[in-house]
Amino acid sequence: MSVSEMFAALQAALGQDQDIREEIRKVVQALEQTAREILTLLQGVHQGPGFQHIPKKCQKAREHFGTVRTQMESLKTKFPADQYYRFHEHWRFVLQRLVFLAAFVVYLESETLVTREEVAEILGIEADRERGFHLDIEDYLSGVLTLASELARLAVNSVTAGDYSRPLRISAFINELDSGFRLLNLKNDSLRKRYDGLKYDVKKIEEVVYDLSIRGLNKEATVGAGGEK
Amino acid sequence: GSGGFRKRKHDNFPHGQRREEKENVNPPSALMTSFKSFQLELDSRHDKYERLVKLSRDITIESKRTIFLLHRFTSAPNGEEILNESEVKLDAVRRKIKQVAQELIGEDMYQFHRAISPGLQEYVEAVSFQYFIKTRSLISVEEINKQLIFTAEDREETTNMTSSSHDKHPPTWSLKVTPVDYLLGVADLTGELMRLCISSVGNGDIDTPFELSQFLRQIYDGFTFIGNTGPYEVSKKLYTLKQSLAKVENACYTLKVRGSEIPKHMLADVFSTKTELIDQEEGLP
């Protein structure tokens, strides 16, 4: 092969790569749109009497996740199945966002931490790389950390809305989450940076709990709401 | 002193045990169990990444040494020796690449690509340099990858392998240099070829510069054809490539214009002064 023939073949390969990325970008855009819709929907729980609406919001969110699953199916077809990490950067951000949203819904429903497998199911993907388009563990952990920040905010707004028991439960949840994260040996990457933010979330919630306890409001809550979970 | 009465922070807690675990008389929660498994998964991933980084560094070092060796090649009698020695070195590099391939069995290569890419680029540079010296042509990426298909070398490797399939074929590992790594390696090759041009004049070889000029021009045309359709790192190399080509073209010009009037043994001086000036102008490190 002559030099020019070699470069022509290389250019073709690069061009093909670009085409694939273009297709992926389109689907990712659609996913980002759906994610924005879910986020807008769920943000409403921070508003005053929105707590009665929580179950309804969760239900609506789950319907939106149906759209996510369809879009994921489409995404899976855009590239060779064994080259997930070649194109991973394209959907990394939206996937982390979707993990957060799934985790938020599950927390609002059951006040537990959604597992990797559950998220994968909600999003219509696999939990294991071997089985196909999967959820990378670092993306799962990133999404969970975003949930922590959201719950810190929810703790604050719960108090404002007159719910004095929720912050106590959030506090227990976040502290356990923090213990879990402390087990991890992280490298100096974006996950590590995001994890560094967790201590501020923990602190914020501790302050809320403190504010409630010195005013005796937590006891009020315990009596009124039927005790902590 | 050691006899102090002051209670230390850790006295209440056995050394090394976390406070949280001590408070949990119950078995660890589902969440903690999950995170323990995440810890193992991440540790294992990071360890593999580190092993690959180390291999990549070894590959880089040995490839660079091969390039230095090849610069000592001339058409003098010891040239054959140098080529043979370079082959021995490159075989050693390929054995390292085989270890990379073995680490990547069952893995998605792209997950660890950043770890091994620098080494592979350096290898491409070295092997294509050797190929040019031998054949005066550019090695293809297919040819490179053909040499990166490995089989089990000895019985020890075969018995250590857990074969999931019972076919009669010997186990093989392979690594494919990606088009981008190939292009980046070839771009770096042009820098070495430029140096080869300068040194060949010093050796009294006035044919090589013209051959190199033509060869580099072909490569430059290739990169121009690719333009910006590749990733940014490829486009970035284009600038340096153009400079290498310019140096070689200027060398040819000097030889053409002044080659007949200057004795051969003085050519090198005229030549190197001019290129030194160019280097200084560009403020090269």
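The structure presented is a predicted model; accordingly, all values stated were derived computationally and were not measured.
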Fill in: Residue part contacting chain A, namely of B/E107, when any heavy atom lies under 4.5 Å
both

Item to complete: Calculate, to the nearest 0.5 Å, the distance between atoms CZ and CG belonging to A/F7 and B/D221 respectively.
Response: 9.5 Å

Worksheet entry | Among the listed options A/M1, A/Q83, A/R116, A/Q18, the residue most often paired with chain B at heavy-atom distances under 4.5 Å | A/R116

Discussion item. If you count heavy atoms of other groups shown closer than 6.0 angstrom to NZ of B/K242, is the number above 12?
Written reply: no

Discussion item. Given heavy-atom pairs under 4.5 angstrom as the criterion, report whether the side chain, backbone, both or neither of B/E142 touches chain A.
Written reply: side chain

Fill in: Residue B/N228 excluded, over 12 heavy atoms near CG under 6.0 Å
no

Worksheet item: CZ/B/F38 to CD1/A/I137 distance, rounded to the nearest 0.5 angstrom?
Response: 5.0 Å

Discussion item. Around atom CZ of B/R136, are there more than 12 heavy atoms from other residues, nucleotides or ligands closer than 6.0 Å?
Written reply: yes

Worksheet item: In terms of heavy-atom proximity below 4.5 Å to chain A, should B/E41 be classed as side chain, backbone, both, or neither?
Response: side chain

Practice prompt. Kindly check if the number of other-residue, nucleotide or ligand heavy atoms within 6.0 Å of CZ (B/R57) is above 12?
Written response: no

Fill in: B/L40 portion near chain A, given a 4.5 angstrom heavy-atom threshold
neither

Worksheet, complete the sentence: Of A/T115, A/D17, A/T112, A/D136, the largest count of non-hydrogen pairs under 4.5 angstrom with chain B goes to A/D136

Discussion item. Strictly by ring pair (Phe, Tyr, Trp, His ring centres under 6.0 Å), give each pair with a member in residues 175-208 of chain A just once, sequence neighbours left out.
Written reply: A/F181-A/Y195, A/F181-B/F35

Worksheet entry | Heavy atoms of other groups near A/K199 NZ, more than 12 under 6.0 Å | yes

Worksheet item: Is it the side chain or the backbone of B/F112 that comes within 4.5 Å of chain A heavy atoms, both, or neither?
Response: neither

Item to complete: Give a yes or no on this: more than 12 heavy atoms of other residues, nucleotides or ligands lie within 6.0 Å of atom NZ of B/K176.
Response: no

Discussion item. Looking at every heavy atom in both A/Q11 and B/T229, which two are closest together, and how far apart are they?
Written reply: NE2-OG1, 3.1 Å

Discussion item. With a 6.0 Å cut-off (strictly less than), is the heavy-atom count around NZ of B/K236, excluding the residue itself, greater than 12?
Written reply: no

Worksheet item: What part of A/N185 gets closer than 4.5 Å to chain B, counting heavy atoms only: side chain, backbone, both or neither?
Response: both

Item to complete: Please determine, among B/H113, B/Q218, B/Q111, the option with the most heavy-atom pairs under 4.5 Å with chain A.
Response: B/Q111

Worksheet item: Are any of the side-chain heavy atoms of B/V234 and A/L14 separated by less than 4.5 Å?
Response: no

Worksheet item: Taking every heavy-atom pair that is under 4.5 Å apart, which of B/H46, B/M109, B/E143 has the most such pairs with chain A?
Response: B/H46

Worksheet entry | Worked verdict on A/K187 versus B/R45 for side chain to side chain contact (heavy atoms under 4.5 Å, CB included) | CA-CA 11 Å; A/K187 291 176 102 169; B/R45 178 189 290 196; over 6 Å; no

Practice prompt. Could you pull out the closest heavy-atom pair between A/M6 and B/S140, with the gap in Å?
Written response: SD-CA, 3.7 Å

Worksheet item: Measuring heavy-atom distances to chain A, does B/D108 have an atom under 4.5 Å in its side chain, in its backbone, in both, or in neither?
Response: both

Practice prompt. Check for a donor-acceptor pair, side chain of B/Q39 on one end and backbone N or O of A/L183 on the other, with a separation under 3.5 Å.
Written response: yes

Worksheet, complete the sentence: If one checks every heavy atom of A/E176 against chain B at 4.5 Å, the contacting part turns out to be both

Fill in: B/L42 side chain near A/E138 side chain, heavy-atom distance below 4.5 Å
yes

Fill in: Which portion of A/L177 sits near chain B, non-hydrogen atoms under 4.5 angstrom
both

